[in-house]
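Since the structure is predicted, the reported quantities are computational estimates derived from the model, not experimental observations. FYI, the numbering just counts along the sequence from 1.
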Amino acid sequence: MIEQDTIRLLRECDAGIKMGVASIDDMLPYVSSQDLKRMLSSCKNEHITLKDEIQKLLDKYHDDGKEPAAMAKGMSWLKTNVKLVLDESDNTIAGLMTDGCNMGIKSLHKYLNEYKAADEASKDIARKLAFLEENLVTNVRKFL
């Protein structure tokens, strides 16, 4: 049970990071403020660092991780691009990032509760990821 929950939690974190990095990549070309661009780039780099940690643990279990759900990825891309076509502002980007991070935080806590038997290293990664998302939400507020 511990191994199954650990792998499942790591997979969900992996998919969430891939989704977050893709979202940041989609928005970076539209950012005007150097401060916001720096925040997003820094957050992306921290996500990639966590992704590397996750991959090392998944390798230990001979698992390839998980891609984000195609429907979720498609809907996110559509929402982002429609909103940015209508309003290419840092305010719009901050709002989209806040919405995405809040969904990520909610999902991470759901998975932490669902996969209670996961090992502590995996739970720590999920908590770190939630903390990164929470910090980004707080930091982009000044652009809302």
Side-chain angles (χ1 to χ4, degrees), residues 3-115 118-144:
E3 186 173 316
Q4 280 184 329
D5 277 11
T6 297
I7 293 169
R8 288 179 180 141
L9 181 59
L10 290 170
R11 283 179 183 163
E12 295 303 340
C13 290
D14 186 45
I17 286 175
K18 289 174 182 172
M19 186 86 159
V21 168
S23 295
I24 291 171
D25 282 341
D26 287 346
M27 289 187 226
L28 275 174
Y30 298 96
V31 176
S32 299
S33 164
Q34 288 304 311
D35 190 30
L36 181 57
K37 191 171 280 198
R38 182 190 51 73
M39 279 181 215
L40 293 177
S41 295
S42 175
C43 187
K44 176 184 168 184
N45 291 336
E46 291 178 86
H47 276 66
I48 291 169
T49 299
L50 273 181
K51 168 82 175 95
D52 293 342
E53 285 183 47
I54 289 167
Q55 193 57 56
K56 285 177 188 170
L57 291 172
L58 285 169
D59 288 346
K60 185 173 117 178
Y61 294 106
H62 309 289
D63 193 277
D64 294 330
K66 180 180 175 183
E67 290 299 318
M71 181 64 85
K73 198 171 182 179
M75 293 301 290
S76 173
W77 182 88
L78 185 64
K79 179 181 177 181
T80 297
N81 286 289
V82 167
K83 285 201 171 210
L84 287 174
V85 164
L86 296 173
D87 181 11
E88 265 188 39
S89 70
D90 289 345
N91 175 279
T92 299
I93 291 166
L96 288 165
M97 290 308 302
T98 299
D99 292 347
C101 287
N102 285 334
M103 285 192 300
I105 294 163
K106 180 181 171 184
S107 294
L108 285 165
H109 287 284
K110 174 187 159 214
Y111 295 128
L112 279 165
N113 290 331
E114 188 174 337
Y115 303 125
D119 69 8
E120 285 305 312
S122 302
K123 289 178 184 178
D124 285 345
I125 287 174
R127 289 183 198 110
K128 283 181 196 174
L129 184 54
F131 183 74
L132 283 177
E133 303 285 313
E134 290 165 1
N135 278 342
L136 186 58
V137 168
T138 299
N139 291 335
V140 301
R141 283 182 186 151
K142 65 183 175 182
F143 296 99
L144 293 174

Subject >> Distance, nearest 0.5 Å, that separates CD1 of Ile93 from CD1 of Ile24 >> reply: 11.5 Å
Original post:
When rounded to the nearest 0.5 angstrom, what is the spacing between OG1 in Thr92 and CE in Met27?
Top reply: 10.0 Å
Original post:
Could you state the interatomic distance from CG (Asn113) to CG (Leu108), rounded to the nearest 0.5 Å?
Top reply: 11.0 Å
Original post:
Nearest 0.5 Å, what's the CD-OG1 distance between Glu133 and Thr98?
Top reply: 10.5 Å
Original post:
Distance-only, no hydrogens or angles: does the Ser42 side chain make a donor-acceptor pair with backbone N or O of Arg38 under 3.5 Å?
Top reply: no
**OP:** From the options Leu96, Asp90, Leu36, select the one residue that forms a side chain to side chain contact (heavy atoms under 4.5 Å, CB included) with Val140.
**Re:** Leu36
Original post:
Between the side chains of Ser33 and Asp35, is a donor N or O closer than 3.5 angstrom to an acceptor N or O?
Top reply: no
List the atom pairs, with distances to 0.1 Å, where a side-chain N or O of residues 122-132 and a protein N or O form a donor-acceptor pair under 3.5 Å, not counting sequence neighbours.
unit_1	atom_1	unit_2	atom_2	d
Ser122	OG	Asp119	OD1	2.6
Lys123	NZ	Lys116	O	2.7
Asp124	OD1	Arg127	NH1	3.0

Original post:
Does a sphere of radius 6.0 Å around CG in Asp64 hold more than 12 heavy atoms from other residues, nucleotides or ligands, not counting ones at 6.0 Å or beyond?
Top reply: no
Original post:
Going from CG on Leu10 to CG on Asp59, what distance comes out if it is rounded to the nearest 0.5 angstrom?
Top reply: 11.0 Å
Using atom types as modelled, flag every donor-acceptor pair under 3.5 Å from a side chain in residues 14-23 to any protein atom, sequence neighbours excluded.
unit_1	atom_1	unit_2	atom_2	d
Asp14	OD1	Lys51	NZ	2.7
Asp14	OD2	Lys18	NZ	3.1
Asp14	OD2	Lys66	N	2.9
Lys18	NZ	Lys66	O	3.3
Lys18	NZ	Glu67	OE2	2.9
Ser23	OG	Met19	O	3.0

Original post:
What residue among Glu46, Glu53, His47 forms side chain to side chain contact (heavy atoms under 4.5 Å, CB included) with Leu50?
Top reply: Glu53
